[in-house]
Amino acid sequence: MTIDRSDTQSGAPPAATLLFESPVALQDDVLRRRIYSPQSYAPVRNVAVVPIVHSECAALASWYPLVWQRRQRGPEFVAVRALLNDQRAQPPAARSLLPLILRAYPFVLDPDQTAGPDAGRMLDDVFADAPTDIGATITTVQRKLSRGTTSRFRFLDQFACDVTVTAEIGEAVAGLDALEPWKLKFEIDGHCVEVPDLLVIRPSAFEDGRLAPLLEKHGMPCAQVLGLHRISLFRAGGLLAMAKAFFRANRETIQDTSSAAGPRQMAEDAAASDDHRASALS
């Protein structure tokens, strides 16, 4: 997974969307590699914006805004976990609540294929920077899939099965001209913090009946997406509070470091002054 770090703000990487870094085919020597828990990988812990599907809305809407993000191929349904790509900017109680695509990591769908049930499975070739366990090989010595592999595949398959309907709902909403930009941009302690290209459903679209045909066509998945999308927007306030706390903690850490260094610097200056006087007297 890669993170766009083109933003020049200091303090933490700006919010970016989950991408895959170096997918490789699941064959030959790759099958002997060891995988670790998803939280062992920095992108899983830190990535702010994650693609999601309709079947996970109920769990995620309790903590994150569920919105669309503009893409070349069309709007993509996503969960905004934080305003910054840093786990410390996420609500502490929700840090273990991972969307399906992160629960499946480091297994991913082939990025060169359209996401769906027919997309191939691959391994994102990344380093586990903070292993939480001894891990497990992808296959056993009997060349069967290990338990860790099969459990990740279940999460990946669920995402793959639901992503097509989720994308159709988003495209249909966009086709009705029911989406409008949602500016999630703040100035915090001199830092410009923004999650770009977000889209939400216009309030008027819920009142004028234009969404009714979508409910008839897609049924419960559409009802979940539209309803939970609307009520989840209030979670942005919690993300703003966490971002403010993140920068406040950084500022206090810098101040504490400066205070601790002060006496040492004064002692060093005094010693240098004594040496200078001694040299002058000699």
Side-chain angles (χ1 to χ4, degrees), residues 4 14-19 47-84 90-91 94 97-102 114-117 158-187 192-243:
D4 178 7
T17 307
L18 177 70
L19 296 172
V47 68
V49 184
V50 183
I52 62 170
V53 292
H54 66 82
S55 58
E56 53 187 332
C57 286
L60 299 176
S62 299
W63 291 101
Y64 310 129
L66 310 183
V67 297
W68 286 267
Q69 193 169 44
R70 190 179 290 108
R71 296 277 187 274
Q72 278 190 332
R73 61 183 178 276
E76 183 172 49
F77 197 45
V78 299
V80 182
R81 300 169 73 204
L83 302 183
L84 301 160
Q90 300 169 20
L97 178 63
L98 299 180
L100 286 171
I101 203 168
L102 296 185
T114 301
Q158 184 179 347
F159 179 89
C161 287
D162 294 341
V163 70
T164 301
V165 171
T166 304
E168 289 175 353
I169 293 170
E171 291 167 2
V173 172
L176 293 174
D177 191 30
L179 294 177
E180 64 181 6
W182 192 46
K183 284 196 173 183
L184 209 58
K185 183 176 182 179
F186 306 96
E187 287 285 338
C192 180
V193 178
E194 180 180 18
V195 185
D197 301 324
L198 298 182
L199 301 166
V200 298
I201 296 178
R202 304 176 190 276
S204 60
F206 288 102
E207 301 167 359
D208 59 20
R210 77 179 82 174
L211 300 176
L214 303 187
L215 295 171
E216 294 178 4
K217 180 178 180 179
H218 297 289
M220 184 56 68
C222 185
Q224 284 183 316
V225 169
L226 300 185
L228 293 171
H229 153 70
R230 191 177 191 185
I231 65 174
S232 72
L233 299 183
F234 296 99
R235 299 301 176 189
L239 301 188
L240 176 59
M242 287 303 305

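For the single chain, residues carry numbers from 1 onward in sequence order.
Side-chain atoms of Ser232 come within 3.5 Å of backbone N or O of Leu66 as a donor-acceptor pair. In terms of modelled atom types and a separation under 3.5 Å, the side chain of Arg81 and the main chain of Tyr64 share no donor-acceptor contact. Checking side-chain atoms of His229 against main-chain N and O of Ile201 turns up a donor-acceptor pair under 3.5 Å. Checked by atom type and distance alone, the side chain of Arg235 never pairs as donor or acceptor with a backbone atom of Val80 at under 3.5 Å. Put simply, the side chain of Gln69 gets close to the backbone of Pro196: a donor and an acceptor are under 3.5 Å apart. With Glu171 contributing its side chain and Glu168 its backbone, the two residues share no donor-acceptor pair below 3.5 Å.
For Ser55 against Gln158, the heavy-atom pair with the smallest separation is OG-NE2, 3.3 Å. Of all heavy-atom pairs between Gly116 and Thr164, the closest is CA-OG1, 4.1 Å. Closest of all the heavy-atom pairs between Leu97 and Trp63 is CD2-CD1, 3.6 Å. Nearest heavy-atom pair across Ala82 and Ala48 is O-CB, 3.5 Å. In plain terms, the two heavy atoms of Phe159 and Pro51 that are nearest each other are CE1-O, 3.8 Å. Scanning both residues, Phe186 and Leu240, for their nearest heavy atoms gives CG-CD1, 3.7 Å.
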Val50 vs Leu60, side chain to side chain contact (heavy atoms under 4.5 Å, CB included): CA-CA, chis, key distance, verdict: CA-CA 11 Å; Val50 183; Leu60 299 176; over 6 Å; no
From CA spacing to verdict: side chain to side chain contact (heavy atoms under 4.5 Å, CB included), Met242, Leu84: CA-CA 10 Å; Met242 287 303 305; Leu84 301 160; over 6 Å; no
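Taking OG from Ser62 and CD1 from Ile231, the interatomic distance works out to 7.5 Å, rounded to the nearest 0.5 Å. A distance of 5.5 Å separates CD1 in Ile169 from NE2 in His218, rounded to the nearest 0.5 Å. Atom NZ in Lys183 sits 12.0 Å away from atom CG in Leu198 (nearest 0.5 Å).
Contact annotation: the side chain of Leu83 approaches that of Val195 to within less than 4.5 Å [non-hydrogen atoms, C-beta and beyond]. No side-chain heavy atom of Cys222 sits less than 4.5 Å from a side-chain heavy atom of Glu216. Proximity of Glu187 to Cys192: side-chain heavy atoms (C-beta onward) are separated by under 4.5 Å at one or more points. The shortest distance between side-chain heavy atoms of Leu226 and Val173 falls below 4.5 Å.
Using the six-membered ring where Trp is involved, Phe77 and Trp68 have ring planes that are tilted, between 30° and 60° apart.
Each of Val49, Leu179, Val78, Leu199 was evaluated against Val67; a single residue qualifies, Val78, per the side chain to side chain contact (heavy atoms under 4.5 Å, CB included) test.
A salt bridge does not link Arg71 to Asp197: none of the charged side-chain nitrogens sits closer than 4.0 Å to a carboxylate oxygen.
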